[in-house]
Amino acid sequence: MKVFINKQIPEIGIHMLKDAGLEIFIPDHDNLSREEWIGYCQSHDMILSVGTEFKYDEDFFNECPNIKAIALYSVGFDHVDIQEATRRKIPVGNTPDVLSKATSDIAFLLMQSVARRASYNFEKVKSGNWGDFDPLHALGQELYGKTLGIFGLGRIGYEMAKKSKAAFDMQIIYHNRNRNEEAENDLNAKYVSLEELISQSDVLSIHANFKPEQGELFNASAFEKMKDNAIFINTARGGFHNQKELYEALAEHKIWGAGLDVTNPEPIYKDDPILELSNVCVLPHIGSATVEARNGMAKIAAENLIAVSNGEKMPACANPKIYSEK
Ligand SMILES: NC(=O)c1ccc[n+]([C@@H]2O[C@H](COP(=O)([O-])OP(=O)(O)OC[C@H]3O[C@@H](n4cnc5c(N)ncnc54)[C@H](O)[C@@H]3O)[C@@H](O)[C@H]2O)c1
Ligand SMILES: O=C(O)[C@H](O)CO
């Protein structure tokens, strides 16, 4: 079987695919046009898909009817029409667990960075304005004993809650589709409504998996209801927040600050007004960017495609229904 990989991935994944006898093609440049991408998908059996810029929607499936499997190089699959893939019995693989620690580390880093105003102070130093020791200037806030609200307490949310509890003895509240008994037992996490999560959190960290149809849940009305010392962290997907309204809430100091590893739209560039604010820290979607996580992702993506080529079920499948439905 022929595998199209749209971007280089860690060697371990390439070796595994080659050792399994799969033929691999990786283009020699990164910025593929949609036409190029579709052309490559049409001439291959399976895709190892890196990044979220190309959408696997109905148009895609109509244009590439012979695709047998898609292995995403991500845990998030909001860029795939899962229902359509399932209807067509096409397995879609993702990369859970191996990036949970790395991604929650970034949420934790952003939380501290915003609480202690790291970006603001770093900008000051870079601009040659170290300043005298000042008892009243550039003061942060401490996180000890504060309330961390987790929206979407799954794999990454759990890791964020765990390290925040261990480091700062934070009180954990969460809102999730289902109750998370492990978090309730191990971390004394308390299930609350979305409204309570918004109004009670000192730090509100987004870790849910995104579905475009649910809309920008974190908008002016939500920011209005948040505490004035609240820190908003989003490492999940930018589509969860309305960025203009977040900007306004931050500029008007309705909330303390925001730490974003994902933006809306994404990417943003240096003329984006949110970057002018001193109470914001923005990172360019680097949640899983560690050697360990990226190797783990390459391994799982390769395992997913090797399984399909052997006529087996994908071990990490985002639409396992295809295996149970007749
Ligand atoms: N910044 C990055 O680089 C990076 C890296 C990895 C993952 N992510 C994002 O993080 C997301 C979470 O990953 P995970 O492995 O923890 O997923 P997960 O499936 O283990 O956890 C997500 C949880 O969110 C809950 N949820 C979803 N929508 C909800 C809603 N509207 N209301 C309440 N609960 C809701 C689900 O029930 C689930 O428990 C991914 O889907 C991806 O978008 C980002
Ligand atoms: O979902 C993920 O794994 C990351 O956001 C990379 O897209």
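Here, residue 1 is the first one in the sequence, and each next residue gets the next number. Read the numbers this way: they start at 1 and go in the same order the structure lists the ligands and their atoms.
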> Apart from F122 itself, what residues make up its hydrophobic cluster when side-chain heavy atoms of I, L, V, M, F, W and Y under 4.5 Å apart count as a link, directly or indirectly?
Replying inline: none
> How far does CG of L260 sit from CZ of F232, to the nearest 0.5 angstrom?
Replying inline: 7.0 Å
> Between Y56 and D81, is any pair of side-chain heavy atoms under 4.5 Å apart?
Replying inline: no
> Centroid-to-centroid, F60 to F54, below 6.0 Å?
Replying inline: no
In a table with atom names and distances, give each donor-acceptor pair under 3.5 Å that connects a side chain of residues 305-315 to protein atoms at least two apart or in another chain.
residue: S309; atom: OG; partner: I306; partner atom: O; Å: 2.8
residue: N310; atom: ND2; partner: I306; partner atom: O; Å: 3.4

>> Nearest 0.5 Å, please: how far is NZ in K101 from OG1 in T290?
In response: 11.5 Å
> Under the 3.5 angstrom rule, does the side chain of Q141 hit a backbone N or O of R116 as a donor-acceptor pair?
Replying inline: no
Starting from the N and O atoms of ligand 1, collect every protein N/O partner closer than 3.5 Å and put each pair on its own line with the distance to 0.1 Å.
residue: ligand 1; atom: 1 (N); partner: T235; partner atom: O; Å: 2.8
residue: ligand 1; atom: 1 (N); partner: D261; partner atom: OD2; Å: 2.8
residue: ligand 1; atom: 3 (O); partner: H285; partner atom: NE2; Å: 3.4
residue: ligand 1; atom: 3 (O); partner: G287; partner atom: N; Å: 3.2
residue: ligand 1; atom: 15 (O); partner: R155; partner atom: NE; Å: 3.0
residue: ligand 1; atom: 15 (O); partner: R155; partner atom: NH2; Å: 3.3
residue: ligand 1; atom: 16 (O); partner: R155; partner atom: N; Å: 3.3
residue: ligand 1; atom: 16 (O); partner: I156; partner atom: N; Å: 2.8
residue: ligand 1; atom: 20 (O); partner: R155; partner atom: N; Å: 2.9
residue: ligand 1; atom: 20 (O); partner: R155; partner atom: NE; Å: 3.2
residue: ligand 1; atom: 24 (O); partner: N209; partner atom: OD1; Å: 3.3
residue: ligand 1; atom: 28 (N); partner: R177; partner atom: NH1; Å: 3.2
residue: ligand 1; atom: 31 (N); partner: R177; partner atom: NH2; Å: 3.4
residue: ligand 1; atom: 31 (N); partner: Q214; partner atom: OE1; Å: 3.0
residue: ligand 1; atom: 34 (N); partner: R177; partner atom: N; Å: 3.0
residue: ligand 1; atom: 39 (O); partner: N176; partner atom: OD1; Å: 3.1
residue: ligand 1; atom: 39 (O); partner: N176; partner atom: ND2; Å: 3.2
residue: ligand 1; atom: 43 (O); partner: R237; partner atom: NH1; Å: 3.3

> Are N180 and Y191 linked by a side-chain donor-acceptor pair shorter than 3.5 Å?
Replying inline: no
Distance dump, ligand 2 polar atoms to protein, N/O, under 3.5 Å:
residue: ligand 2; atom: 1 (O); partner: G76; partner atom: N; Å: 2.9
residue: ligand 2; atom: 1 (O); partner: R237; partner atom: NH2; Å: 2.8
residue: ligand 2; atom: 3 (O); partner: V75; partner atom: N; Å: 2.7
residue: ligand 2; atom: 5 (O); partner: R237; partner atom: NH1; Å: 2.7
residue: ligand 2; atom: 5 (O); partner: R237; partner atom: NH2; Å: 3.4
residue: ligand 2; atom: 5 (O); partner: H285; partner atom: NE2; Å: 2.6

>> Exactly one of I24, D19, L22 should register a side-chain contact (heavy atoms from CB on, under 4.5 Å) with I14. Which one does?
In response: I24
